[in-house]
Structure formats: C-alpha cells, structure tokens
Amino acid sequence: MNEKQAMEIVDNIFMQIFGRKSPFTLEQVLQKFAFDVKLPQQVIDSTSKQPTWTAAINSSRYITQEHMERYDEQRGWMIPKQEVRTLEDLLNVWKLTNYTTTERVYDCINVAQCDPLYRCENAFRCTDCRDSKNLIFSDGCGDCEAIIASQRSANSQFCLRVDDSNSCSSSYNVICSAKIDHSIFIQDCNNLQECIFCSHIANKKYCIANMQFEKEEYFQIKKVIIDWILKV
C-alpha cells in the first residue's frame, strides 16, 4: 500500500458519500477528518535506523516485526547466562533484547504504516483493525470495507468519520448509531436513510435537523451542505 493507492481508496469513498472525488490531498484528509483518531506514529527502528510505525509510542527502543523475525531465524533471541550482581546489572542485560516490536501485522495483505492489524487487506496508517479491507486512518474497526477516519465501528462500508457505530453505509460523521445509509452528521440514531443533522430518531428518511422534508427539497439542501463540507 502506498499513498497513491490510499488516495484512490479515498476518492472512491468520497464518490459513494458525496458524489464527487476528494478535493483534498491525503495529508489534508488526515488533518481535516482524522485529527482525533489514535493512529500509529513514526519512530526509528533501533537496529536499522530506518523509520517505522507503532501504536506503542512510550518505548525508547523499537524493531520492526520483519527485523525481529529475521533476527530470530538467523541468531535467536536467547543470550548466554551472565553473572548478575545487582538490579542495575540485570536491567543492562535486559536492554540487549528489550525492543518494542513495530508494524505488527498478522495475515494481512498490502498494508503500510499500520500497527497492529489482523486479517486486513489494503490498509494505510490504521491500528487495531481486523477482518476488513480498504481502510485509511482508522482505529478499532472490524468487518468493514472502504472506511476513512473511523473508530470502534463494525459492519460498515464506504464511510467517513463513523464512530462507535454499526451497519452504516455511504455516510459521513456518524456517532453511536446503527443502520445508517447515505446520511450526514448523525448521532444516536437507528435505521435512517438520506438524513442530515439528525439526533435521537429512528426509522426516518429525508429528515434534516429532525425535521421532515419532501424528497426534492431535501436533495436541494443536501447539495449545499456537501459544498460546505468539501470547501477547500
């Protein structure tokens, strides 16, 4: 996964939600939409001196999973027994092997800048996601496809900024909700389709700010709102 591939995923998701490609660069997407998402940070592999990515930012010594496994195959991580007289001696010996592993990816395909990740495909700078694909800047999501800047959500696809939610599709900025489709700015709702700025309601369509609209006037207002969201 590289930045060009990540941007292709971003554009595809924006098309599904807003009907147009992203007007933002990948870095702008990160700053504008993923500003509060816990993401892997760049550190330096202590053995290779090369940049790597980790969710464990409080360590002082790092090693990529690839380099850790290679070292294990070539030399092994056990060391000869040494004379230890003080606790300081013991801590100094521990330093010989005490590296925090970075870029931990398990059964994943085409991922970059991620840590950790489980059974995912096509992911860019994500953490703690599993059984998902086409993920950008997301944390703690499972069974999802094509999501950006989302957290602690599941069973969702083509979504941007979906938090603590389930079964959402083609939607933007959804919080603590379920069964949300083609909607924008939704909080604590269930089973909505084509709704905007709605909270604490269920089983509705063409609502804006918890008010019922006719289909035609709804889409007229929606276009103005999308223009506002995507203004560069």
Side-chain angles (χ1 to χ4, degrees), residues 1-7 9-10 26-27 29-31 33-154 156 162-164:
M1 170 67 73
N2 54 42
E3 292 189 2
K4 180 180 178 181
Q5 292 172 319
M7 199 64 225
I9 293 173
V10 168
L26 191 62
E27 180 63 26
V29 170
L30 172 64
Q31 297 300 324
F33 299 106
F35 57 90
D36 58 349
V37 181
K38 176 187 174 183
L39 298 175
Q41 300 297 309
Q42 184 175 336
V43 294
I44 299 298
D45 183 318
S46 300
T47 62
S48 69
K49 308 305 179 184
Q50 296 298 312
T52 182
W53 298 82
T54 182
I57 60 173
N58 294 322
S59 180
S60 60
R61 289 155 57 88
Y62 297 96
I63 186 170
T64 65
Q65 182 179 347
E66 179 184 359
H67 291 159
M68 179 273 294
E69 292 174 347
R70 184 183 304 160
Y71 189 96
D72 190 37
E73 292 173 357
Q74 295 176 349
R75 300 178 58 179
W77 284 95
M78 291 298 293
I79 61 176
K81 184 179 178 181
Q82 302 181 27
E83 183 178 1
V84 176
R85 295 184 177 181
T86 66
L87 177 58
E88 184 178 1
D89 290 342
L90 188 59
L91 293 175
N92 286 331
V93 173
W94 186 29
K95 289 179 181 179
L96 299 175
T97 60
N98 186 28
Y99 296 91
T100 297
T101 307
T102 65
E103 297 187 56
R104 297 163 294 168
V105 294
Y106 306 102
D107 300 316
C108 295
I109 301 172
N110 193 33
V111 303
Q113 302 183 13
C114 296
D115 176 65
L117 224 58
Y118 312 89
R119 302 174 301 279
C120 290
E121 181 177 354
N122 303 333
F124 188 85
R125 201 171 174 191
C126 295
T127 184
D128 197 27
C129 294
R130 62 200 67 229
D131 303 303
S132 300
K133 62 181 180 180
N134 300 335
L135 314 173
I136 310 294
F137 304 140
S138 292
D139 169 28
C141 295
D143 298 298
C144 291
E145 179 176 358
I147 59 172
I148 307 169
S150 296
Q151 305 178 83
R152 302 174 302 277
S153 296
S156 297
V162 171
D163 296 349
D164 303 298

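The first residue of the sequence shown is numbered 1, and numbering continues consecutively from there.
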Check: Checking Y62 side chain against A56 main chain: does a donor-acceptor pair fall under 3.5 Å?
Finding: yes
Notebook entry, point to check: Once you round to the nearest 0.5 Å, how far does SG of C120 lie from CE of M1?
Noted result: 11.0 Å
Note to self: Ignoring hydrogens, what is the shortest heavy-atom contact between S138 and L39? Give both atom names and the distance.
What the structure shows: N-CD2, 3.8 Å
Notebook entry, point to check: Residues in side-chain hydrogen bond (donor to acceptor under 3.5 Å, both in side chains) with T86, at least two apart?
Noted result: D89
Next item on the list: State whether the side chain of N110 and the backbone N or O of E121 hold a donor-acceptor pair below 3.5 Å, judged by distance alone.
Entry: no
Note to self: Quick check: do F137 and L30 have side-chain heavy atoms less than 4.5 Å from each other?
What the structure shows: yes
Notebook entry, point to check: With no hydrogens and no angle check, do the side chains of T52 and E103 hold a donor and an acceptor under 3.5 Å apart?
Noted result: yes
For residues 68-76, tabulate all N or O donor-acceptor pairs below 3.5 Å that involve a side-chain atom, not counting sequence neighbours.
unit_1, atom_1, unit_2, atom_2, d
E69, OE2, Q65, NE2, 3.0
R70, NH2, E66, OE2, 2.9

Note to self: Testing the basics here: between S46 and Y99, what is the closest heavy-atom pair and its distance to 0.1 Å?
What the structure shows: CB-CE2, 3.7 Å
Notebook entry, point to check: Taking only residues two or more places apart in sequence, or in another chain, which ones meet S156 in a side-chain hydrogen bond (donor to acceptor under 3.5 Å, both in side chains)?
Noted result: none
Next item on the list: Name all residues meeting the side-chain hydrogen bond (donor to acceptor under 3.5 Å, both in side chains) criterion together with E27; count only those two or more places apart in sequence or in a different chain, and write none if there are none.
Entry: Q31
Note to self: For W77, I'd like to know if atom CH2 has over 12 heavy atoms of other residues, nucleotides or ligands within 6.0 Å.
What the structure shows: yes
Next item on the list: For residues L26 and F124, determine if any side-chain heavy atom of one lies less than 4.5 Å from a side-chain heavy atom of the other.
Entry: yes
Item checked: Distance, nearest 0.5 Å, that separates CD1 of I44 from CD1 of I63 -> 14.0 Å
Notebook entry, point to check: How far apart are the closest heavy atoms of K38 and D139, and which atoms are they?
Noted result: O-CB, 3.5 Å
Next item on the list: Locate the shortest heavy-atom distance separating Q42 from P51; write the atom from each residue and the value.
Entry: NE2-CB, 3.2 Å
Check: So, for R85 and E83, which heavy atoms are closest and what is the spacing to 0.1 Å?
Finding: NE-OE2, 2.8 Å
Next item on the list: For residues L135 and C141, determine if any side-chain heavy atom of one lies less than 4.5 Å from a side-chain heavy atom of the other.
Entry: no
Check: Is there side-chain contact between T64 and Q50, with heavy atoms separated by less than 4.5 Å?
Finding: no
Margin query: Give me the atom names and distance for the closest heavy-atom approach of Q82 to I79.
Written below: NE2-CD1, 4.3 Å
Checklist line | Spacing of D115 atom CG and T100 atom OG1 [to the nearest 0.5 Å] | finding: 10.0 Å
Next item on the list: Scan for salt bridge (Lys or Arg N to Asp or Glu O under 4.0 Å) pairs involving residues 44-65, sequence neighbours excluded, and state none if there are none.
Entry: none
Notebook entry, point to check: Are side-chain heavy atoms of I147 and S153 found at a separation under 4.5 Å?
Noted result: no
Item checked: Summary of side chain to side chain donor-acceptor pair (under 3.5 Å) pairs that have at least one residue in residues 125-135, sequence neighbours excluded -> R119-D131, N122-N134, D128-R130
Margin query: Is there a side-chain contact between I148 and V29 in this structure, where contact means two heavy atoms from C-beta onward sitting under 4.5 Å apart?
Written below: yes
Check: Within the side chain of T54, is there an N or O that forms a donor-acceptor pair under 3.5 Å with the backbone of T102?
Finding: no
